[in-house]
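Counting starts at 1 for both ligands and their atoms, following the listed order.
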Amino acid sequence: MGKISMMDKLSLPTHSAMLSADFIYGVATASFQIEGGIANRLPCIWDTFCGKENTIIDGSNGDVACDHFNLWQQDIELIDSLGVDAYRLSISWPRVINESGELNQEGVNYYLAILEALKARNIKAFVTLYHWDLPQYLEDKGGWLNRETAYKFSDYADKISRAFDGLVHAYATLNEPFCSAFLGYEAGIHAPGIKGKEFGKKAAHHLLLAHGLAMKVLAKNSPNTLNGIVLNFTPCYPESDSQQDKQASDFADDYFNQWYIKPIYHGQYPDILKQLPAEHHPDIQEGDMAIISHPTDFLGVNFYTRAIYKACNNEHFEQIPPPAPITDIGWEIYPKAFSELLITLNNTYDLPPIYITENGAAMADEIIDDSVNDLDRVDYYHHHLNAVNTAIEEGVDVKGYFAWSLMDNFEWAEGYSKRFGIVYVDYNTQKRTIKASGNAYKELITSRK
Ligand code: FCB
């Protein structure tokens with residue numbers, strides 16, 4: 001056995017399409033995870049959730065986060081210094097819309113300044129309209145369990161896309177509706193912390209409806225931007241070749257992954273719907289599936305890891321603990337699943353161009369003498385970038401790749417205990433330090449031109 005060596009730079013095969021200057025490289029963030037600035041916006045479900053006992057591992061919240069609300073100018077300079085083509089950010093709905101449903105001009109101005117600064121630097125803005133920070137006043141009326149929320153979202157999309165006219169390259173309606181629906185309204189480990197199998201698919205349906213309604217609005221208001229959605233996938237693998245394990249894994253795949261993509265591109269939910277008890281079903285009204293399957297200009301794919309399943313007596317499946325190697329958040333490092341995912345999606349659906357809108361790893365970073373030598377993260381990126389390249393070679397139309405994340409930030413229920421950044425954040429001083437992975441990413445990107 002040879003010694004396991006860590007990559008210290010990122011490389012791709014010489015003729016890779018990912019080395020061409022028109023392949024888009026970017027970094028991604030989300031409003032609640034980095035902004036802080038809570039005095040200047042309405043409360044969202046994550047503020048409330050963080051205020052409850054035993055929800056966030058380190059008892060923290062998003063009150064200050066990376067203080068990007070105040071430090072955005074230097075952060076944009078930082079993004080620019082990485083040589084990226086694009087920046088994926090999300091808009092805080094409770095910062096830009098008042099409870100009356102009108103635009104809050106102060107909040108809109110904050111994002112206009114950011115979008116203008118990006119434009120001045122020739123950095124494409126990939127804007128996500130909903131990265132989980134639902135206004136609390138809407139949760140008080142049922143949140144995503146209330147069909148009305150979908151129409152509120154569409155109204156928000158309408159107002160904000162008019163306000164941002166000419167400054168955006170791409171709009172994603174939602175980020176990872178699986179997480180909002182399943183983690184937020186079924187497992188209860190994300191905001192708003194509601195638990196129960198009868199809620200997950202109902203919330204999911206309203207989220208997908210919100211997406212479809214907003215797509216129509218974006219197509220009208222903003223025909224020159226790429227309009228689409230960001231979905232996360234955790235590909236499912238059976239523990240063995242047995243028929244039972246394969247069935248278990250297929251069921252999990254339909255429940256967690258296909259549930260969100262199939263309605264968009266096939267206009268229907270997976271067949272396992274019939275196997276779910278009636279009280280777990282979504283409330284589908286006539287015409288909903290046609291709204292949900294509105295054409296998209298792109299599909300955003302987020303990938304971190306895979307999951308392995310086996311058959312189980314009382315449930316449809318049981319997940320087995322991830323085998324080594326794992327990252328600091330406990331997710332298995334298995335880049336092969338990334339290529340296989342992209343190839344399978346491409347074979348199953350008639351897809352628009354794909355952008356990898358998130359990929360990255362939490363590692364136990366140490367800052368020593370002002371530097372972070374995160375070779376484990378460089379290694380992760382190297383293998384995952386090459387996995388994307390393999391899929392492209394197999395005919396998948398991938399046009400861009402975003403590293404999650406620009407900088408360490410509030411990692412939801414994990415608080416500040418997990419670091420995903422290619423830039424290190426010292427939360428006491430708010431000092432940013434580009435990690436070895438950030439430098440390697442920059443070198444890959446700038447070597448193309
Ligand atoms: C994704 C989220 C993102 C980040 C990464 C690690 O599910 O979209 O905000 O937390 O996971």
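- When the options Leu129, Ile91, Asn104 are evaluated for a side-chain contact (heavy atoms from CB on, under 4.5 Å) with Val96, the one that passes is Ile91.
- Phe233 and Phe303 have their aromatic ring centers separated by at least 6.0 angstrom.
- With respect to Tyr355, the ring-ring contact (aromatic ring centres under 6.0 Å, His included) criterion is satisfied by exactly one of Tyr401, Phe126, Phe23, Phe402: Phe126.
- Annotation: ligand 1 has protein neighbours Gln33, His131, Trp132, Asn175, Glu176, Tyr304, Glu358, Trp404, Glu411, Trp412, Phe420, each with a heavy atom less than 4.0 angstrom from the ligand.
- For the residue pair Ser249 and Asp253, no side-chain donor N or O sits within less than 3.5 Å of a side-chain acceptor on the partner.
- No cation-pi contact links Lys9 to Tyr441, judged by a cut-off of 6.0 Å to the six-membered ring centre and 45° from its axis.
- Defined by atom type and a distance below 3.5 Å, a donor-acceptor pair is missing between the side-chain atoms of Thr128 and Asn175.
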